[in-house]
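See below for the structure under consideration.
Reminder, nothing fancy here: chain letters follow the sequence lines and each chain counts from 1. Heavy atoms only: backbone and side chains are in, while hydrogens, waters and symmetry mates are out.
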There are 2 protein chains.
Amino acid sequence: MLVTNIMFMGNAAATRALLRERAMALFLEQGFDETTTAQIAAAAGVSQMTFFRYFPTKESAALDDPYDPLIAGLVAAQDPALPVRERVRRGLLAAWSSLPEPEDNAVRDRIVLVAGHPRLRAGVWENNHRTEELIVEALVQTGAPDLEARVAAGACLGGLTAALFDWAAGPDGHSLGERLRTALALMAPADGGGGARQ
Amino acid sequence: MLVTNIMFMGNAAATRALLRERAMALFLEQGFDETTTAQIAAAAGVSQMTFFRYFPTKESAALDDPYDPLIAGLVAAQDPALPVRERVRRGLLAAWSSLPEPEDNAVRDRIVLVAGHPRLRAGVWENNHRTEELIVEALVQTGAPDLEARVAAGACLGGLTAALFDWAAGPDGHSLGERLRTALALMAPADGGGGARQ
DNA sequence: CCAGTAATGTTAGTGACTAACATTATGTTC
DNA sequence: GAACATAATGTTAGTCACTAACATTACTGG
């Protein structure tokens, strides 16, 4: 073995994690466009080909959102008597609440990076599209009309993503969790938009 | 001149239009990924370099949404006394209503193509992002809170885009205009989601 | 120790996109 | 109508993301 890894774990998961870590470090240090996949591979001590075995695209090394099934499940768990959009809203709220609030800088750095680059933003939106599909599926199974479910999911995810990117653009003292909860509150059905909620 | 164009217009706008037309034809005929920029250029009788002079990316030849200023203007024109989200909703409704209903197949073909390809969808979302910026700008200038404006814009555009892609996925006898109006109606503040509006 | 499989490497290629520079068309001015 | 500026296009060479086919090394169980 040419390179004995510092943290000795020869399995694939470790290589993947190492690649992601080095990729993020390089992205943050010198920018996404200025970082080549060859550099990332070299920084991880593997060949370029190995990078593409673990990540289908360069962007995917900066993106991961494995929350889709969780969200869909929590949307499905909402009271079917509620209006469709409200079910989506509460499902997203529950999904966020069920996760630990990540206060470390790594999460923030990643969101700032992603929010600031078109191709990375596109990745988030594509992810949202998958989430939307799952939410719609969950809602339609409980009898919701297809279009209504889709519009509700699209609107809630759109509002939430806007708040996420806004948070990345400039800190205003609020945590990410507070920001997203506020955004979801703004989308409550009774809330005509008066913005009374604070 | 080596090639005398069939439709004799030597200016740049004509070349651009011709490139876009040939690109769309090829995309629809053999798929977006299967079409190379060299093919498009050849089909238009120009060099590959000329293609990139008029379109920064291959995707951009399939996308054009010049409605941003119109939308922002119509959002700004709404009654400032209305809730923020309602102003966005009505602005979008007005923007759509002010356009002629395009019933020709070319529009539908283009939307179906775009809705069916991740990279093209990403282009639409990126476009939405620009639109969102303009809407937020318009709203903030009338005193709306930044986050509320952003969430309202993101939510309305998200719901509208979901309806657009849904329309492309399968026709249900309704026109695009009807579909989008229905989607916007579903996002009305008073509408809890009962879907009573038809 | 040997076989099978997991993980990685190498090489060669395609295709989007860029940069630098050369060339042709067009319209204007004298 | 010849000189000239400018708009439009072409050529060449290159970078980089990503793929396919195939070879090679490490690890694991019998």
Members besides B:Met49 in its Ile/Leu/Val/Met/Phe/Trp/Tyr cluster (side-chain heavy atoms under 4.5 Å):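 Joined to B:Met49, directly or through intermediates: none.
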
Among residues 111-119 of chain B, which contact DNA chain D at a heavy-atom distance under 4.0 Å?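 Heavy-atom contacts with DNA chain D come from no residue of residues 111-119 of chain B; none.
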
With a 4.5 Å heavy-atom cut-off, do A:Trp167 and A:Val112 have their side chains touching?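 Not touching, per the 4.5 Å side-chain cut-off.
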
Between A:Asp64 and A:Pro66, is any pair of side-chain heavy atoms under 4.5 Å apart?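 Yes, their side chains come closer than 4.5 Å.
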
Which residue pairs pass the ring-ring contact (aromatic ring centres under 6.0 Å, His included) test with at least one member in residues 54-82 of chain B, sequence neighbours excluded?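 Only B:Phe51-B:Phe55 qualify under ring-ring contact (aromatic ring centres under 6.0 Å, His included).
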
Could you note down all residue pairs passing ring-ring contact (aromatic ring centres under 6.0 Å, His included) where residues 134-166 of chain B supplies at least one of them, sequence neighbours left out?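 Every pair satisfying ring-ring contact (aromatic ring centres under 6.0 Å, His included) with a residue in residues 134-166 of chain B: B:Trp125-B:Phe165.
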
Sequence neighbours excluded, which residues qualify as salt bridge (charged side-chain N to carboxylate O under 4.0 Å, His left out) partners of A:Asp65?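 Partners of A:Asp65 under the salt bridge (charged side-chain N to carboxylate O under 4.0 Å, His left out) test: none.
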
Taking only residues two or more places apart in sequence, or in another chain, which ones meet A:Arg53 in a salt bridge (charged side-chain N to carboxylate O under 4.0 Å, His left out)?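 With sequence neighbours excluded, A:Arg53 shows a salt bridge (charged side-chain N to carboxylate O under 4.0 Å, His left out) to no residue whatsoever.
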
Please check the phosphate of D:dA8 (OP1 and OP2 only) for any side-chain N or O of B:Thr50 closer than 4.0 Å.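 For D:dA8, OP1/OP2 do not have a side-chain N/O of B:Thr50 under 4.0 Å.
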
Taking the minimum atom-to-atom distance to the side chain of [X], which one of [options] wins?
X       : options               : value
B:Met49 : D:dT9, C:dA19, C:dA7  : C:dA19
A:Gln48 : D:dC18, D:dG10, C:dA7 : D:dC18
A:Thr15 : C:dT8, D:dG10, C:dG9  : C:dT8

Could you measure the distance from the CG atom of A:Leu93 to the CG atom of A:Leu160? Nearest 0.5 Å is fine.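 Reported value, rounded in 0.5 Å steps: 9.5 Å.
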
Would you jot down, in residue-number order, the residues of residues 51-63 of chain A having a non-hydrogen atom under 4.0 Å from DNA chain C?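 Nucleic-acid contacts, sorted: A:Arg53, A:Tyr54.
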
Under 4.0 Å from any atom of DNA chain C, heavy atoms only: list the residues of residues 28-40 of chain B that qualify, in numerical order.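 Close to the strand are B:Thr35, B:Thr36, B:Thr37.
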
Side chain to side chain donor-acceptor pair (under 3.5 Å) involving A:Asp33 - partner list, sequence neighbours excluded: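 Side chain to side chain donor-acceptor pair (under 3.5 Å) list for A:Asp33, sorted by chain: A:His117.
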
Counterpart residues, side chain to side chain donor-acceptor pair (under 3.5 Å), relative to B:Gln30 (two or more places apart):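 Listed in chain order: B:Thr35, B:Gln39.
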
For atom CG of B:Leu120 and atom P of C:dA16, their distance in whole Å: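 Atom CG in B:Leu120 sits about 13 Å away from atom P in C:dA16.
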
Return the set of residues passing side chain to side chain contact (heavy atoms under 4.5 Å, CB included) with B:Pro80 (not counting sequence neighbours), or none when no residue passes.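 Listed in chain order: B:Arg87.
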
In degrees, rounded to 10°, what is the bend between the two ends of the helix from C:dC1-D:dG30 to C:dC30-D:dG1, using five pairs at each?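 Answer rounded to 10°: the end axes differ by 0°.
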
Strictly by modelled atom types, are A:Asn127 and A:Arg130 linked by a side-chain donor-acceptor pair under 3.5 Å?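 Yes, A:Arg130 and A:Asn127 have a side-chain donor paired with an acceptor closer than 3.5 Å.
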
So which heavy atom on B:Leu70 is nearest to which on B:Ser98, and how close?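 Heavy-atom minimum between the residues: CD2-OG, 3.8 Å.
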
